[in-house]
Amino acid sequence: MSKTNDEEHGGAREDEGPVDDRAQFSALLEDSAEDLYEHAPCGYLSTQLDGRIAKVNTTLLDWLGYQPEDLVGRKYFSELLTVGGRLYHETHFAPMLRMHGEISGIALELKATDGSRLPVLVTSTVKKGGGGQPLLIRTTIFDARDRRAYETELLRARQAADRERDRLQALTTTLQKTLLPPTLANVPGLDVCAHYHVASVDEVGGDFYDLFPLAAGTWGMFLGDVCGKGVAAAAVTSLARYTLRAAAVYHPDPVAVLGNLNTVLNHEYNGADPRFCTVVFGLLTPDRVHGGFQITLASGGHPPALLMRADGTADILPTPGGQLIGVLPDAHISTTTVHLAPGDTLLLHTDGLTEAHTNAAIGGGERYGDDAFLDFGRALAPTTATGTISAVRGLLDTFGTGVDDDTAVLAIHVPRPHSDEQQ
Amino acid sequence: MDVRSRNHVRVTGRTGAPVVMLAHGFGCDQNMWRLVVPELERHFTVVLFDHVGAGNSDLTAWSRERYSTLDGYTDDLLELCRELALGPITFVGHSVSAMMGVLAAAREPEAFAGLVLLAPSPCFIDEPDAGYRGGFSAEDIDELLESLDANYLGWSGAMAPVVMGNPQRPELGEELTSSFCRTDPEIARVFARVTFLSDNRADLARVAVPALVAQCSSDAIAPPEVGAFVHARIPGSQLVTLNATGHCPQLAAPEETAAAIAAFAGAIQ
């Protein structure tokens with residue numbers, strides 16, 4: 001605002017007190033409305049609805065190096081933009097302005113007459129007449145050079161973070177894959193299927209399973225859950241997996257296998273950083289007399305397996321008293337044996353399934369639980385390995401984000417003789 | 001997948017009347033048509049939809065592979081026609097969607113009674129050697145991608161909750177307006193490339209259904225000579241110039257645009 005105005009008013013009303021100061025300020029502001037428009041610290045622009053420039057303030061003219069007559073009635077707002085900005089204007093800015101009657105904080109670049117570019121933030125509103133009909137568009141333009149530099153930096157940091165996250169996820173996914181068998185062994189006379197549900201793409205989970213041949217037509221299988229997540233847990237998972245496989249070859253008795261793992265974990269992770277896991281290990285032997293398989297299961301603190309029989313009944317197979325592996329030097333390991341007859345299906349799972357929240361979407365805290373899991377088995381029986389895994393996947397899907405821990409499931413099933421299956 | 005919810009299809013207007021399907025272009029969604037729909041509803045069955053990745057379409061259906069070329073969008077279009085089973089339709093495609101209509105009609109002419117190509121451009125990039133002027137250079141398109149990126153920060157904070165929301169939710173009124181013209185920057189980038197880097201000049205001659213080329217009198221994106229090019233290459237097509245500034249005649253001159261669509265669709269069906 002002009003200095004002359006200040007002095008004139010100030011001089012006349014010098015001794016009339018604070019009330020008149022207000023009047024004086026008010027007069028000052030009234031007087032300088034035009035000046036405020038012309039020399040505001042931002043650009044002002046009014047256009048017709050089609051974008052043709054009707055009025056523009058001195059600040060914006062100075063920024064861009066134009067005279068009023070270069071622009072008013074001659075150019076469209078979008079012509080002040082870079083070509084890319086013009087495309088953005090046509091495809092986003094103008095339609096959104098029409099839709100909402102206003103649009104704010106859009107980052108664009110203006111072209112000055114000397115060829116330089118000015119990064120700006122643009123806000124527009126549609127001025128409406130008494131009947132609500134749009135009359136013209138008012139636009140304010142802020143110099144955004146500093147802010148754009150800052151945002152560019154922010155954007156770069158964000159893109160770098162996005163890339164790192166992608167890299168981490170790729171790494172996690174790869175690591176996870178190495179902890180699981182690429183395919184399960186093909187066991188003659190047995191239908192097998194497994195599924196690993198990843199709760200977080202950012203962290204390696206601690207669940208694991210495997211099924212593999214042992215000597216003399218017998219087979220080993222295991223499924224377990226290492227306490228914790230992330231890289232430290234992955235190291236234990238890896239150790240547990242190869243220890244179990246090596247121990248099973250050395251001496252396939254399930255109690256001996258888990259005892260061996262217990263010794264190794266105690267040995268490797270003693271002192272301040274104890275690591276432990278729950279595991280169920282099974283030895284599978286074909287039953288030449290009755291058909292199907294004889295299975296000896298040993299459990300170290302692991303949730304019990306679910307047996308779904310050919311006759312449509314289902315039960316859990318308790319292995320009571322089995323202790324966590326890796327905690328005590330001499331863990332107690334309990335065993336149970338079961339005959340898997342034609343038509344029967346055995347399902348091993350980790351507690352990610354039974355501890356999932358059933359209605360997470362609406363903020364509920366209910367966990368799925370062992371009883372519901374048994375009911376699930378009863379409803380499903382009789383079934384097959386693939387049928388079981390597909391039903392479990394469907395179940396996990398219904399929980400959505402309620403599955404907050406990784407979940408591994410392994411199902412084995414003895415198909416009925418072909419003639420039965422036709423029924 | 002349910003095609004109707006995938007593309008957020010809305011069918012309105014007169015039941016049993018000839019069908020007009022309106023396809024929005026790059027940048028926005030089916031709300032682009034809101035000013036012409038009331039007039040068209042009086043005479044036609046009107047089908048509106050969002051391209052996958054835009055508006056309230058099912059974002060989980062979007063994949064870089066499928067939507068990196070116009071073919072993915074063309075497949076969607078033909079799937080929509082089959083699913084809705086409304087018989088031969090008049091397809092109105094704005095901007096890039098005009099070329100989707102061209103490709104779809106070339107592939108399955110029996111699905112179309114006619115095409116209205118609104119502010120079409122078969123190729124945005126100049127090719128001086130062939131004497132073709134699309135209006136843009138490859139660098140210009142890079143600049144647009146930068147503009148999209150520059151407005152990415154604002155997008156992600158304000159829009160993520162809406163866009164991540166459940167697309168099956170019925171109370172879409174408010175969401176429709178708030179999601180208008182806003183999309184995942186990743187999707188916008190890929191769609192921008194498809195829109196501005198595709199070259200469908202050779203496909204124009206394959207159109208064997210009646211076609212109306214409706215261009216704007218002053219359009220920075222699809223200048224008049226591009227409209228004339230499209231008209232010249234589509235056998236037997238009509239050309240009309242709408243008195244509209246900008247690239248969106250359905251917003252800038254809705255009455256005239258609706259009248260042109262209605263006259264054409266009424267005459268051919």
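Note on naming: letters A, B, ... go to the chains in the order of the sequence lines (proteins, then strands), and numbering restarts at 1 for each one. What you see below is based on every heavy atom in this structure, not just the backbone, and it leaves out hydrogens, waters and symmetry mates.
Geometrically, R201(B) engages Y132(B) in a cation-pi contact defined by less than 6.0 Å to the ring centre and at most 45° from the axis. Seen from the ring of Y37(A), K55(A) counts as a face-on cation partner, given the 6.0 Å and 45° thresholds.
Within the 4.5 angstrom heavy-atom criterion, only side-chain atoms of Y76(A), from C-beta onward, approach chain B.
Residues from residues 387-396 of chain A never place a non-hydrogen atom less than 4.5 Å from a non-hydrogen atom of chain B. Taking non-hydrogen atoms and a 4.5 Å limit, the residue list of residues 219-229 of chain B in contact with chain A, ordered by number, reads A220(B), I221(B).
Salt bridge status for E143(B) with R117(A): present, with a side-chain N to carboxylate O gap under 4.0 Å. The pair E186(B)-R64(B) meets the salt-bridge criterion, since a charged nitrogen lies less than 4.0 angstrom from a carboxylate oxygen.
The closest side-chain donor-acceptor pair between D202(A) and Q169(A) falls under 3.5 angstrom. Side chains of S124(A) and T139(A): a donor-acceptor N/O pair is present below 3.5 angstrom, by distance only. Side-chain polar atoms of Q215(B) and T241(B) form a donor-acceptor pair below 3.5 angstrom.
A ring-centre distance under 6.0 Å is not found for Y67(B) and H51(B). The distance between the ring centers of F26(B) and F196(B) falls below 6.0 angstrom.
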Task: Step-by-step ring-ring contact (aromatic ring centres under 6.0 Å, His included) determination, H357(A) to Y368(A) - done: CA-CA 6 Å; H357(A) 297 274; Y368(A) 184 58; over 10 Å; no
